[in-house]
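We're numbering straight along the sequence, starting at 1. Note that ligands are numbered from 1 as they come in the structure, with each ligand's atoms numbered from 1 the same way. Worth knowing before you read on, the calculation uses all heavy atoms, side chains too, and leaves out hydrogens, waters and symmetry mates.
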Amino acid sequence: MEELSTTDFMAKLVALCKRRGIIFQSSDLYGGINGFWDYGPNGVPLKRAVEQAWWKNMVEDRDNVEGLDSTIICHPEVWRASGHIEQFSDTMTDCLECKKRYRVDQLEQPGVCPSCGSTKLTEPREFNLMMKTFVGPVFDEEHAAYLRAETCQPIFVDFNLVRIATRQKLPFGIAQTGKAFRNEINPRFFTFRSREFTQMEMEFFCRDSESMEWFEYWRQERWNFYTQTLGIPENKLRLHWHEKLAHYAKAAVDIEFEFPFGWSEIEGIHHRGTWDMSRHCEFSRQEQDCKVFDQDTKESFFPTVVETSCGLDRICLMLLCNAYDEDTAETKKLDQDEDLRVVLRLPARYAPVQIAVLPLSKKLEAPAIEVRKGLQQKYRTAYDDSGSIGKRYRRQDEIGTPFCVTYDFDSQQDQAVTVRDRDSMSQERIPISELDAFLATKI
Ligand code: ATP
């Protein structure tokens, strides 16, 4: 693909996602709402496939991690204990000329508005990121509650209920996926910084003496998830170690991906010490629910926590950025006389449609649908009979469909179909009876 500027690349990706029903602005009909995104019919399968891969990898394939699905609204004390109500804020400044608002730590040149270049900026102010609502009929401070800013706090709160129900002993983890909300000052880079997003987090509870070993273990596991499970090339990923650590932490590292707009965080792996459990103990005064009992020393102690925390939307964006490609007539022999082919080279496991069945003519609808039925139970499939075959290939390329199966007039005689590969654009004749086995090796 030709080198594109960040702005051009992102504009093309955003346009493609809207055009093909992958991701578009929430409330588009009303002009959209900044920082909120909807996943369309071709975005949902991608998002679900990634979430399922994470859940399988982190929960189902392990005996020492349990699942949880907690509520978005928790008791307001949870957020006082976590420190979010007091401290979860960004320092921001307003430009007095163009009225735009920025996070002070994101200004490219300190004291200069990145939009209009003015130096007339307000004094930095703290801006809390928690989204507030009211529970019950009375809208006053006593009934105020918050949409969770991260999915991990309910894990700490439910720690003992899960431990008892599952009879787990340290070390073990609790994982959950779900929505989180942050009133981000400056939502940007498509879904990268949204105000409503999905997190996938796992809190691993262990003894302090073994916590750094577990930290190292999870750091490696999470790296492997990106390189092996998601197929992201190693050279597009890097580790960013935090130099400034929270007072309770022994280590913190981010996994970053090289987005078109620069290296940016997709996941944080954090040693959280005993901070969370001791804070919830202090605020709830339920010591027995926040500590574990040591049979040897006959003493209770707070478990130490190692956290893995990533954003599902950022991972989907990473996959889309990594998959976006354009073929030009010079570099590829195109199916038709078109000079540009937009293609999402998504791994088959995450492609919204894995196999598209295309009858060469509408007259072949019935047998083509039969072929699709044979594949539908096992794969995500689509059926498309409108427009020229070349146009249909283009549409499938744009949503990343790895295989198109064409049923033509010869198919009725030879009981075979043509399988077209998205990346090589090669076409192979495969007997219908062998189609499933052929595709199974590739998907
Ligand atoms: P950043 O510094 O980019 O704001 P963070 O350090 O505040 O991120 P965490 O609080 O550690 O992020 O959240 C864990 C993960 O949740 C991040 O690695 C990211 O993938 C995701 N995430 C956080 N904020 C957002 C957001 N506004 N939009 C989308 N995903 C987010």
Side-chain angles (χ1 to χ4, degrees), residues 23 25-26 33-39 43 47 50-51 54 58 72 79 82-84 87-92 101-107 127-131 146-156 175-203 215 218-219 222-223 225-226 230 232 237-246 248-249 251-259 261-272 275-276 305-321:
I23 304 171
Q25 278 252 309
S26 160
I33 168 166
N34 199 7
F36 295 86
W37 298 93
D38 290 344
Y39 286 73
K47 195 178 178 194
V50 174
E51 188 175 355
W54 184 89
M58 295 296 284
I72 285 168
W79 304 107
S82 69
H84 279 78
Q87 286 161 9
F88 192 54
S89 55
D90 281 339
T91 315
M92 52 137 223
R101 180 169 283 178
Y102 297 98
R103 249 167 79 170
V104 171
D105 64 340
Q106 285 176 353
L107 289 178
F127 181 82
N128 194 287
L129 302 183
M130 294 285 285
M131 290 220 193
Y146 300 87
L147 308 191
R148 66 183 178 203
E150 54 187 26
T151 52
C152 63
Q153 289 306 324
I155 294 182
F156 303 128
Q176 81 161 328
T177 69
K179 292 276 187 163
F181 300 80
R182 295 183 187 176
N183 207 358
E184 297 279 1
I185 295 163
N186 220 351
R188 58 184 183 157
F189 299 137
F190 199 10
T191 56
F192 181 84
R193 190 169 300 287
S194 310
R195 287 176 166 147
E196 173 176 342
F197 53 97
T198 300
Q199 280 190 320
M200 306 194 288
E201 296 193 293
M202 192 279 308
E203 308 301 315
F215 180 87
W218 285 111
R219 184 192 67 71
R222 297 305 304 147
W223 180 267
F225 177 76
Y226 293 107
L230 297 183
I232 302 294
L237 293 168
R238 73 176 188 194
L239 293 176
H240 171 248
W241 290 90
H242 291 209
E243 279 163 23
K244 244 175 78 189
L245 293 177
Y248 49 80
V253 66
D254 295 336
I255 298 180
E256 295 185 339
F257 173 74
E258 191 179 18
F259 283 98
F261 43 84
W263 287 96
S264 310
E265 172 183 337
I266 40 171
E267 165 149 0
I269 297 124
H270 306 130
H271 184 290
R272 297 180 68 112
W275 168 255
D276 303 282
V305 171
V306 173
E307 170 184 84
T308 72
S309 169
C310 58
L312 178 54
D313 309 82
R314 282 193 191 173
I315 295 177
C316 290
L317 183 61
M318 167 179 72
L319 284 168
L320 290 168
C321 289

Protein contact of atom 28 (N) of ligand 1 - nearest heavy atom, named by residue and atom, plus distance
S194 N, 3.0 Å
Residue that, paired with R314, satisfies side-chain contact (heavy atoms from CB on, under 4.5 Å) out of F197, F192, F190
F192
What I want to know is whether C310 and ligand 1 share at least one N or O pair that is separated by under 3.5 angstrom.
no
Does an N or O anywhere in F197 fall below 3.5 Å from an N or O of ligand 1?
no
Any nitrogen or oxygen of R193, side chain or backbone, less than 3.5 Å from one on ligand 1?
yes
Tell me: protein heavy atom nearest atom 2 (O) of ligand 1, and distance?
E265 OE1, 4.1 Å
After noting the C-alpha distance and the side-chain angles of Y226 and F257, does the key distance pass the ring-ring contact (aromatic ring centres under 6.0 Å, His included) rule?
CA-CA 10 Å; Y226 293 107; F257 173 74; 9.2 Å; no
On a heavy-atom basis, the closest approach of E201 and W54 is O-CH2, 3.5 Å
Could you tell me whether F189 and F259 have their ring centroids closer than 6.0 angstrom?
no
Determine, using heavy atoms of I266 and all atoms of ligand 1, whether some pair is separated by less than 4.0 Å.
yes
In the structure I gave you, are the side-chain heavy atoms of I185 and Q106 within less than 4.5 Å of one another anywhere?
no
Top protein contact for atom 13 (O) of ligand 1, by heavy-atom distance
Q199 NE2, 3.3 Å
Taking the side chain as every heavy atom from C-beta outward, state whether E196 and L147 have any pair of such atoms under 4.5 Å apart.
no
Identity and distance of the protein heavy atom lying nearest atom 19 (C) of ligand 1:
R314 NH1, 3.4 Å
What protein heavy atom sits nearest atom 14 (C) of ligand 1, and how far away is it?
S309 OG, 2.9 Å
Nearest protein heavy atom with distance in Å, relative to atom 29 (C) of ligand 1
F192 O, 3.1 Å
Could you tell me how the ring of H271 sits relative to the ring of F215: parallel (under 30°), tilted (30 to 60°) or perpendicular (over 60°)?
tilted
Heavy-atom nearest neighbour of atom 9 (P) of ligand 1 within options E150, R182, E267, R188
R182
Are any side-chain N or O atoms of Q199 and backbone N or O atoms of T151, one a donor and one an acceptor, separated by less than 3.5 Å?
yes
